[in-house]
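Working notes, beginning with the structure itself.
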Amino acid sequence: MIDTKHYNFAFLDEGSKREIRRSILKAVAIPGYQVPFGSRELPIGRGWGTGGIQITLSIIGKEDVLKVIDQGSDESVNAVNIKKMVEECTGVEITTDSEKATIIQSRHRIPEIPMRNDQILVLQVPTPEPLRIVEPKESVTKQMHAEAEYSGMWLSLFEDLTLYDKISISSEYPTMVENRYIMNPSPIPRYDNRKLNDSETLYLFGAGREKKIYAIPPHTKVESLFFDDVPFETENFEGKSCRLCGATGVFLDEIVDEATGEKVYECNDTGFCKGRRDRQHGNTNFKN
Amino acid sequence: MVSEMNLAYQFDFVYDGQKIFRELLSAVANPGMIKNISNEVEKFQQAYAPLLAIGCTLLDNEEKMYVEKNPKLAAELHNLTLCGETKLDQADYIFLSAELNYGSLEEVLRNVKHGTYADPHQSATVILLCSSIDGAEQLNLCGPGVKDMKTVWVSSYVKKVITLRNSLQIEYPLGTDLVFTDQAGNLLGIPRLTKIAEQGA
Ligand SMILES: [Zn+2]
């Protein structure tokens, strides 16, 4: 556990924050372009990656309200650890209510309730480079972005299509931003890709190990890559609903009932599901 | 060193810097949406207080700045942030404390760093202090951060600068990001992709 008395507000020194802030502003001005930054060591497990946390710590102020979710859940060990760390070094209010939050940090999901213009979604990215699947060298992928030379990426998608009859990538499905940069939307399901396009909210992406920050401002054109004759398909939950709150038209997790062998479904976004159930029970003044 | 400087001013590098950054971020992410930092700007007394407040938020000794014809402002920014000065075409942040005429403005916007195709982020941000952002000129903006089209009413100077920058037709992703501020502490962000919409478009 960190001793907050010996650290700055929001843990990072002001020089580190300033560098990350300058990179964020550049990232917003060049949507989908990966801005390099000098990533810092943080007192938190490496596995979760630290890019998102560094962004959160650099933007957060005393009046912010923070929500952290990991794979849709507010209560996973990773989400809880991050909330604890940020709370200790900033004293900000923590919530599970996505409408109350001013900053949401997430890995693997974009919340179900559409985010507003006065909120920021910080997404954690393990491998920011979308072209890595076609080219291992960073110097080469950087040049490909410089020239918008994306034929290798298209060819790879086409090969996938001929091999499997459909594009097999399930998450990190590549997107084209403002007709210029191919961008990794982070490991969100395909289902969430459309939420990046013409959104009300600002998305900030942080990759700690690879030292990259990129952004999607509100109302930016973000298209999933697809071929004209093979439209982009997302996970399909038609005819299925959450067994807990009854929601349809949301991203569901499939769970097998071990007793009956039957498949059942639950909302992947646990904060959204809990909110619905609390309202259904007429409990309007619930506390998270 | 920096904390000693704090005492001469009311400005708090940690909390005021964070607040200004968030307003700047919001301004750049939502071109045409006017933000305000007057609470933080008031902590400086000088005529160019808004530029000192923004400078203290963004600058340090890792960046280079260019200050147009205002040695007093340059010296103060350096004292407060340790940011070094350089030539116009090498600076990361350009501070224009007075409204320039068309010729000087063109000279500045043509010669600042525009970045490269591989490193478009290595480009200059131009921060302009004007008497008032608000004015009688209608400006229709479009581009990322703007839903369809947004109309803002700005001073003729603000419109002139944006029109001039766009007329240089620097090929994206290269470009120049503009931040306007004024004596009332308003902020207007016009990043490189912000365009002026044609009437009726
Ligand atoms: Zn549910």
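All values derive from a computational prediction rather than experimental measurement.
Stacking of Lys62(A) on the aromatic ring of Tyr15(B) is recorded, both the 6.0 Å distance cut-off and the 45° axial limit being met.
Proximity to chain B is limited to the side chain of Leu202(A), based on heavy atoms less than 4.5 angstrom apart. Interface remark: Ser199(A) contributes no atoms to any contact with chain B (heavy atom separation under 4.5 Å). For Asn179(A), no part sits under 4.5 Å from any heavy atom of chain B, backbone or side chain. Of the two parts of Ile103(A), only the side chain, counted from C-beta on, holds a non-hydrogen atom closer than 4.5 Å to a non-hydrogen atom of chain B. For Asp198(A), the part lying near chain B is the side chain, with the backbone staying farther off; criterion is any non-hydrogen pair under 4.5 Å. Contact of Arg21(A) with chain B is made through backbone and side chain together, with heavy-atom distances under 4.5 Å. Neither the backbone nor the side chain of Glu147(A) has a heavy atom closer than 4.5 Å to any heavy atom of chain B.
No side-chain donor-acceptor contact under 3.5 Å links Thr127(A) and Glu129(A). Side-chain atoms of Ser26(B) and Lys35(B) include a donor-acceptor pair closer than 3.5 Å. A donor atom on one side chain and an acceptor atom on the other are not found under 3.5 Å apart for Thr125(B) and Asp177(B).
Here Lys87(B) does not pair with Asp89(B) in a salt bridge; the nearest charged N to carboxylate O distance is not below 4.0 Å.
Atom CD of Glu40(B) sits about 12.5 Å away from atom CD of Gln10(B), to the nearest 0.5 Å.
If you tally non-hydrogen atom pairs under 4.5 Å between each of Lys26(A), Lys221(A), Arg22(A) and chain B, the highest count goes to Arg22(A). In terms of heavy-atom pairs under 4.5 angstrom with chain A, the leader among Gly175(B), Pro191(B), Ser123(B) is Ser123(B). When each of Asp148(B), Val146(B), Leu193(B) is scored by its heavy-atom pairs under 4.5 Å with chain A, the top score falls to Val146(B). The greatest number of non-hydrogen atom pairs below 4.5 Å with chain B, out of Val177(A), Ile24(A), Ile120(A), Asn117(A), is found for Asn117(A). Interface remark: of the candidates Pro31(B), Ala29(B), Pro120(B), Pro120(B) forms the most heavy-atom pairs closer than 4.5 Å to chain A. Here Glu178(A) is the residue among Glu19(A), Lys17(A), Gln143(A), Glu178(A) with the most heavy-atom pairs under 4.5 Å with chain B.
When atom types are taken as modelled, the side chain of Lys67(A) and the backbone of Thr96(A) share a donor-acceptor pair closer than 3.5 angstrom.
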Quiz item: Can Asn140(B) and Thr151(B) be said to form a side-chain hydrogen bond (donor to acceptor under 3.5 Å, both in side chains), step by step?
Solution: CA-CA 4 Å; Asn140(B) 298 320; Thr151(B) 299; 2.8 Å; yes

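In summary, the aromatic rings of Phe95(B) and Tyr93(B) are positioned with their centroids too far apart to meet the 6.0 Å limit.
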